[in-house]
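To start, the structure under review is shown below, and the notes come after it.
Protein chains get the first letters and strands the later ones, always in sequence-line order, with residue 1 at the start of each.
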2 protein chains.
Amino acid sequence: MKLTTRGRYAVTAMLDLALNGEHGPISLAAISQRQSISLSYLEQLFAKLRKNDLVASVRGPGGGYRLSRCREQINVADIIAAVNESTDSTGCKGKGDCQNGEPCLTHQLWDDLSQQIHTFLSGISLGSLTERREVKTVCERQTQQSDEGGVNDESINVESLINAKAIDL
Amino acid sequence: MKLTTRGRYAVTAMLDLALNGEHGPISLAAISQRQSISLSYLEQLFAKLRKNDLVASVRGPGGGYRLSRCREQINVADIIAAVNESTDSTGCKGKGDCQNGEPCLTHQLWDDLSQQIHTFLSGISLGSLTERREVKTVCERQTQQSDEGGVNDESINVESLINAKAIDL
DNA sequence: AAATAACCGAGTATTTTAGTCGGATAAATT
DNA sequence: AATTTATCCGACTAAAATACTCGGTTATTT
C-alpha cells in the first residue's frame, strides 16, 4: 500500500463509474470531463484496472467501461494496489535482504503496518462509498448542474473530484 | 497522511534514536552510517522533526539528537506528518472548493479515510515498536556485528533499515 | 585553537507523476 | 463500404517530489 494522489485518481474514477454506470458502459471521455482527468492518463490507469479485473471494456460507439463485478465487491485497497503496481519495486521487498544480506528492522515493521492498513481499506467497498450521505448530496447537486448546464450526456456530472497534489491522507 | 518512503526514512531514523539514544545524544553521522541515509538528507528531515518538537538537539562534540520526550509518547503518525509538511499543499485542501467552487466528492471521502488511518498510526508509539520481538532480534544481531566489525561507536548498529523506493505499505 | 556536530541554503540528479501525441484496432451507425 | 466512436497501445515530455551534494556558519567541547 502506497498512498498517493495516483490512487485517489483511480478511486475517483471508479466511484464515477459506480455512480453513473448503471445503465451501460461509461466512456473515459465522459469521466475525463466530469473529473477533469486527462483522457490519456485515464487510459493508462484503466489499462491497469482492467488487467487486475476490476473493470471490463466495451469497444466501439456507445462503449466504454463498466465495473467487472457489483460495486459491493470492489474495494478501495484493490483499486489503489492495481494502479500502483510498480515496474521495479526495488529494495528489500520480497527476499528481505535489505542491505548486508540480512533482513532489516523497518522491513518487517512496514509490512506489518502495510497489512493492517490494507485490511482497513479492503473493508471499504465502492458500494459503501456510494451510500454515503455526502456523496449522495454532491451527486444530486451535480446532476442538477448537468441538467441546467451543458454536458450533453445522461450520466451524472460528478465533476471535480480531484485536485490536491498530494493525497494528504 | 501521505504514505511514502520519506516517512519511512523518518520513522527508521527515529527508531534508531529510540534504540540507541538511551545513554545520551546520537549524532546524525552515526544514524547515517547505520541506516545508510545521506547525512544531509537526515539533516533536512531532522530540521522538520525538531520544528515539530519530536527531537531536541545538542550541539558540539558529543552532541547530536535525542527524543524530545519518552518513546512511548512519540507516535508514527506524528513522525510521518512532520516530514511531510509540504510547502504548498495546493488543491481543495482547507476550503473545500475543489473545482467549480463547490466541495467535491472525494475530498470529504479522503478526509475520512485519512482521519482513520491517522488514528491508527497515532496508536503506534516508538516505544511499542522497540518492544517488538523482530526488532529486538535484529537489534541484537546488529549489536554483535558492530562488536565484531568496524563501526567505532558504542551505539547499536541497526543498519540498513531502508531501501525500498516506495513504502509499499 | 582545534575538532565536532548541529544548522542552513542553494543547487542537482533521479524518480515518479501526470499528461501529450500519434496512431492502431474493434464495433456500431449510416 | 465508409464513417464514427471509443478502446487500446507505446513512446515521449513537463512538472513535481525525492534523495542527495556541496559549501559554508555557528555553538560547544576538549
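A continuous path of hydrophobic side-chain contacts links B/Tyr41 to B/Leu28 [ILVMFWY only; heavy atoms under 4.5 Å].
Here the C1' atom of nucleotide C/dT16 and the CG atom of B/Leu3 are 16 Å apart, to the nearest Å. Atom C1' of nucleotide D/dC8 and atom CG of A/Leu28 are separated by 10 Å, given to the nearest angstrom. Remark: C1' of C/dG19 and CD of A/Glu43 are 11 Å apart, rounded to the nearest angstrom. Atom-to-atom, NZ of A/Lys2 to C1' of D/dA17 comes out at 11 Å; the value is rounded to the nearest Å. What separates CD of A/Gln33 from P of D/dA6 is a distance of 11 Å, to the nearest Å. In this structure, A/Leu39 atom CG and D/dC9 atom P are separated by 15 Å, rounded to whole Å. Distance CG (B/Leu42) to C1' (D/dA19): 11 Å, rounded to an integer number of Å. Atom CZ of A/Arg6 and atom P of C/dT16 are 10 Å apart (whole Å).
Taking five base pairs at each end of the helix from C/dA1-D/dT30 to C/dT30-D/dA1 and finding the rotation axis that steps the C1' atoms of four pairs onto the next four gives two axes whose angle is 10°, to the nearest 10°.
A pairwise comparison of heavy atoms in B/Ala10 and B/Leu45 identifies N-CD1, 4.4 Å as the closest pair. Heavy-atom minimum distance, A/Ala30 versus A/Ile26: CB-CG2, 4.2 Å.
Legend: residues meeting side chain to side chain donor-acceptor pair (under 3.5 Å) with B/Thr119, ordered by chain and number and at least two apart, are absent.
Nearest to the side chain of B/Ser38, among D/dT21, C/dG19, D/dT7, sits D/dT21. In the set C/dT20, D/dT18, C/dC7, the nucleotide with an atom closest to the side chain of A/Gln44 is C/dT20. Closest approach to the B/Ser40 side chain among D/dC20, D/dC22, C/dC8 is made by D/dC22 (side chain taken as heavy atoms from C-beta onward).
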**Request:** With side chain to side chain contact (heavy atoms under 4.5 Å, CB included) as the test, would you mind laying out the steps for A/Met1 and A/Asn84 before giving the verdict?
**Result:** CA-CA 8 Å; A/Met1 278 288 118; A/Asn84 279 339; over 6 Å; no
**Request:** Could you check B/Ile79 against B/Asn52 for side chain to side chain contact (heavy atoms under 4.5 Å, CB included), going step by step and ending with a plain yes or no?
**Result:** CA-CA 9 Å; B/Ile79 297 170; B/Asn52 284 269; over 6 Å; no
**Prompt:** Would A/Ile80 and A/Leu3 count as a side chain to side chain contact (heavy atoms under 4.5 Å, CB included) if you check the C-alpha gap in whole Å, the side-chain angles of each, and the deciding distance to 0.1 Å?
**Reply:** CA-CA 8 Å; A/Ile80 293 174; A/Leu3 296 180; 3.9 Å; yes
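Using a 4.5 Å cut-off on side-chain heavy atoms (C-beta onward), B/Leu42 and B/Gln35 make no contact.
Neither OP1 nor OP2 of D/dT5 sits under 4.0 Å from any side-chain N or O of A/Ser27. For the OP1/OP2 pair of D/dA17 and a distance below 4.0 Å, the side-chain nitrogens and oxygens of B/Thr4 include no atom meeting the criterion. For B/Tyr41 and D/dA19, the shortest distance from a side-chain N or O to OP1 or OP2 is below 4.0 Å.
Checked against the 6.0 Å centroid threshold, A/Tyr65 and A/Phe46 count as a close aromatic pair.
Within residues 45-65 of chain B, the residues approached by DNA chain D to less than 4.0 Å at the level of any non-hydrogen atom are B/Arg59, B/Gly60, B/Pro61, in residue-number order.
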